[in-house]
Every structure is written in C-alpha cells, then in structure tokens.
Number of protein chains: 2
Amino acid sequence: MPKKKKHSCKEQKSSAGFRGRIWIDGSEGTFLGYGRIVLLERIREYGSITKAAKSMEMSYRHAWELVDSINRQSGKPIVEAVTGGRGGGGTRLTEEGEKAIKLFWKFHADFQDFLKSEEKKL
Amino acid sequence: MPKKKKHSCKEQKSSAGFRGRIWIDGSEGTFLGYGRIVLLERIREYGSITKAAKSMEMSYRHAWELVDSINRQSGKPIVEAVTGGRGGGGTRLTEEGEKAIKLFWKFHADFQDFLKSEEKKL
DNA sequence: GGACGTAATATACAACAGGGAATAACGAAA
DNA sequence: TTTCGTTATTCCCTGTTGTATATTACGTCC
C-alpha cells in the first residue's frame, strides 16, 4: 500500500488571492467536507478503513470517528462495515455514498468556478 | 463599552445544507477572513485594539497578532497605531484598510449568492 | 479449533493554539 | 514630573485535538 499525498489546505487554494472551503452540513455540524470525501474515496479504493487511514497518514481512530459521524448524520448508511471473516472484514461504500461523493464534487467544481470568476472581477 | 455578539461559525451558515468559508490569501497564508474583517471594523469603531478585542471577547494578544499579520502582508498599512499620548494612544484604519474591507464584503456577498444558487439546484 | 486481519473501543500521551496575566515603553495632558 | 490608558512583548497555563498504543470482538478459511 503506497503512501499517497497527504491532504493539505493548499489543494483548496486557487492561484491568486481568493480562497475558500466548503462543507455540506448535517445535524451535528459538518457532514461532508473535502477531507471526508477523500477518506470515502480511499475507503472505496482499499475496502478498509485501516488502509484508507494509513494512505492519508491519518490515525485509524480519527478516520473511524469521521466515518461514524458521516453515517450517523445520513439517513441511509454511507459506508457499511463487515467485521470478521476472510481478511478480517472490511468496509465498503454504499450506493448512497457514491451519490454523496458525486454531489460534493459537483458543489466543489461549481465553487472553483466561482473563485475563478471572482478573481476575474479584480 | 457594551459587549457585542461574539463571532461564531454560524454566521457563515446558510439555511440549508451548503456551507462555506472564504478568505483572501497573502504571502503568509490568510490575509483577510471573516473574523479579521470584523476585528478591523471594531477597531474602526472604537479606535483601539484593546477595546475592539474586548468587544469580541478575544484576547488582546490574539487581536494584536491578527493586526500584525494583516499589516505585514499588505503593501500599504491597513491599520496605524499611535502609542503614548493622552488616553494612551490608539489605532485607526487607513484608507487602504477601508478598501480592503469593502473588497472582502463584496467577495462575501457574492459567495452568499453562490451558496443560495447551489441550494436552488437541489 | 486455531490463525488471521479487520472493526470497534478505551486509555494514555503529545503538540499546539489560544487565554490570562504581568511588564515595559510611550507620550500628551494636567 | 506625575498620571493615564494604550501599544507592544513575554511567560506560563490550560483546553482541545489528534496520535499512539493496547485490547477486545468478530467471522471466515485452513
């Protein structure tokens, strides 16, 4: 499992001076943000919270808390964990999770466009 | 000096699920954000970092560091401090500071519109 | 039944941001 | 010269946040 580039705020940064961050809120505050989305994608890729966390240089505990927060705030489960069994189990994304990721990236892309348009106004 | 409402993230929150925060970047990272702008406006109102900080329930130390960061990253000074003298001195906004505040609020208003339009797309 | 690797959970530890308090410097006004 | 309230600066303390570590639970495969 190769280590992937750690998420940093710079990935949110536009070329010029205007910057920002977006989230989708839930009942407990943040429901989905950039970091959580990356985590979900890594879980999809590795099928394991443990491996996903390691690939982001994030502690398992933190990753698990994020996943738990996401699931608690979603009507339908976003990720489903299997414990025990061959390989010890694992975690997979639900169809609802895929839809949530798509929704966030659309929001994110629109926001990048917004930042660009703001900078053009200068 | 009456205590004013402390800034909280909720002031950034839109009615529905889409939320976000914006900043204007400088050479050291954040140059102007929501909290810094409120601080500048309080300084304009009170003519004093001490009073401005108290009105926001922010420590003087923190307020001074923010002001210092703002001035360091701006070509022209944003706030000018006078030390000593009757009343101990004070701090006032420069014309450049006024322009910076206007610029940020415009950016902020555009962003609020953006959030609203995103929510309408749902 | 034992091994394996993961989820789930608790506890202790480290790092850091920010708060609070203390102090010196400052300079006009009385 | 003394007074005054502010700026500027330092030091210590605390709360929070996340890390590291250890332990238990789990279920399939050998």
Side-chain angles (χ1 to χ4, degrees), chain A residues 1 3 6-9 21 23 28-30 33-36 38-40 42-72 74 77-94 97, chain B residues 1 3-4 6-9 21 23 28-30 33-36 38-40 42-74 77-94 97:
Chain A
M1 172 182 23
K3 272 188 184 167
K6 187 175 181 180
H7 163 59
S8 83
C9 251
R21 267 198 94 146
W23 302 268
E28 303 174 6
T30 298
Y34 186 90
R36 291 174 185 227
V38 172
L39 176 61
L40 290 182
R42 296 290 172 90
I43 288 174
R44 173 174 55 193
E45 181 177 359
Y46 294 113
S48 150
I49 296 179
T50 300
K51 292 198 182 80
K54 272 188 186 144
S55 80
M56 297 175 70
E57 298 178 29
M58 177 187 289
S59 68
Y60 173 83
R61 180 190 165 191
H62 188 42
W64 184 86
E65 282 172 348
L66 292 179
V67 167
D68 193 47
S69 165
I70 291 169
N71 266 346
R72 269 187 283 111
S74 172
I78 298 290
V79 298
E80 278 177 342
V82 178
T83 170
R86 171 170 187 80
T91 304
R92 69 175 198 84
L93 280 188
T94 65
Chain B
M1 173 182 17
K3 273 189 186 168
K4 299 210 169 174
K6 188 174 181 181
H7 162 59
S8 86
C9 252
R21 267 197 92 147
W23 302 267
E28 303 174 7
T30 299
Y34 186 90
R36 291 174 185 225
V38 172
L39 177 61
L40 290 181
R42 296 291 173 90
I43 288 174
R44 172 173 57 191
E45 181 178 359
Y46 293 114
S48 151
I49 295 177
T50 300
K51 292 198 181 80
K54 273 188 183 144
S55 80
M56 296 175 71
E57 296 178 31
M58 175 186 290
S59 68
Y60 173 82
R61 181 192 165 194
H62 188 41
W64 184 86
E65 282 171 347
L66 293 179
V67 166
D68 194 46
S69 165
I70 291 169
N71 266 346
R72 266 187 284 112
Q73 295 184 75
S74 172
I78 297 291
V79 299
E80 278 176 343
V82 178
T83 170
R86 171 168 189 78
T91 303
R92 69 175 198 84
L93 280 189
T94 65

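On a predicted model such as this, the values are computed, not experimentally measured, just so you know.
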Over how many whole Å does the gap from [X] atom [atom1] to [N] atom [atom2] extend?
X      : N       : atom1 : atom2 : value
W64(A) : dG5(C)  : CH2   : P     : 23 Å
N71(A) : dA7(C)  : CG    : C1'   : 13 Å
E65(A) : dT19(D) : CD    : P     : 10 Å
I49(A) : dG5(C)  : CD1   : C1'   : 14 Å
K54(B) : dT6(D)  : NZ    : C1'   : 10 Å
R36(B) : dG18(C) : CZ    : P     : 10 Å

Hey, which sits more toward the 5' end of DNA chain D by its nearest nucleotide, G88(A) or G88(B)?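 Final value for this comparison: G88(B).
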Return the 5'-most residue of the pair A63(A), G84(A) with respect to DNA chain D, ranking by each residue's nearest nucleotide. A63(A)
Between [X] and [N], is there a side-chain N or O to OP1/OP2 distance below 4.0 Å?
X      : N      : answer
T50(B) : dG5(D) : no
T91(B) : dT6(D) : no
T83(A) : dA7(C) : no

Of all the nucleotides listed ([options]), which has the minimum atom distance to the side chain of [X]?
X      : options                 : result
Y60(B) : dA7(C), dA29(C), dA8(D) : dA8(D)
A81(A) : dG18(D), dA8(C), dT6(C) : dA8(C)
H62(A) : dA8(D), dG18(D), dA8(C) : dG18(D)
R61(A) : dT7(D), dG18(D), dT6(C) : dG18(D)
R86(B) : dT7(D), dT6(D), dA30(C) : dA30(C)

Between Q73(B) and S69(B), do the side chains contain a donor N or O and an acceptor N or O under 3.5 Å apart? yes
When you compare the side chain of T91(A) with that of E80(A), does any pair of heavy atoms fall below 4.5 Å? no
Is the backbone N or O of A52(B) less than 3.5 Å from a side-chain atom of S55(B), with the two atoms forming a donor-acceptor pair by type? yes
Hey, mind stepping through V79(A) and R92(A) against side-chain contact (heavy atoms from CB on, under 4.5 Å) and telling me if it holds? CA-CA 6 Å; V79(A) 298; R92(A) 69 175 198 84; over 6 Å; no
Under the side-chain contact (heavy atoms from CB on, under 4.5 Å) rule, what do K54(A) and Y46(A) come out as? Steps first, then yes or no, please. CA-CA 10 Å; K54(A) 272 188 186 144; Y46(A) 294 113; over 6 Å; no
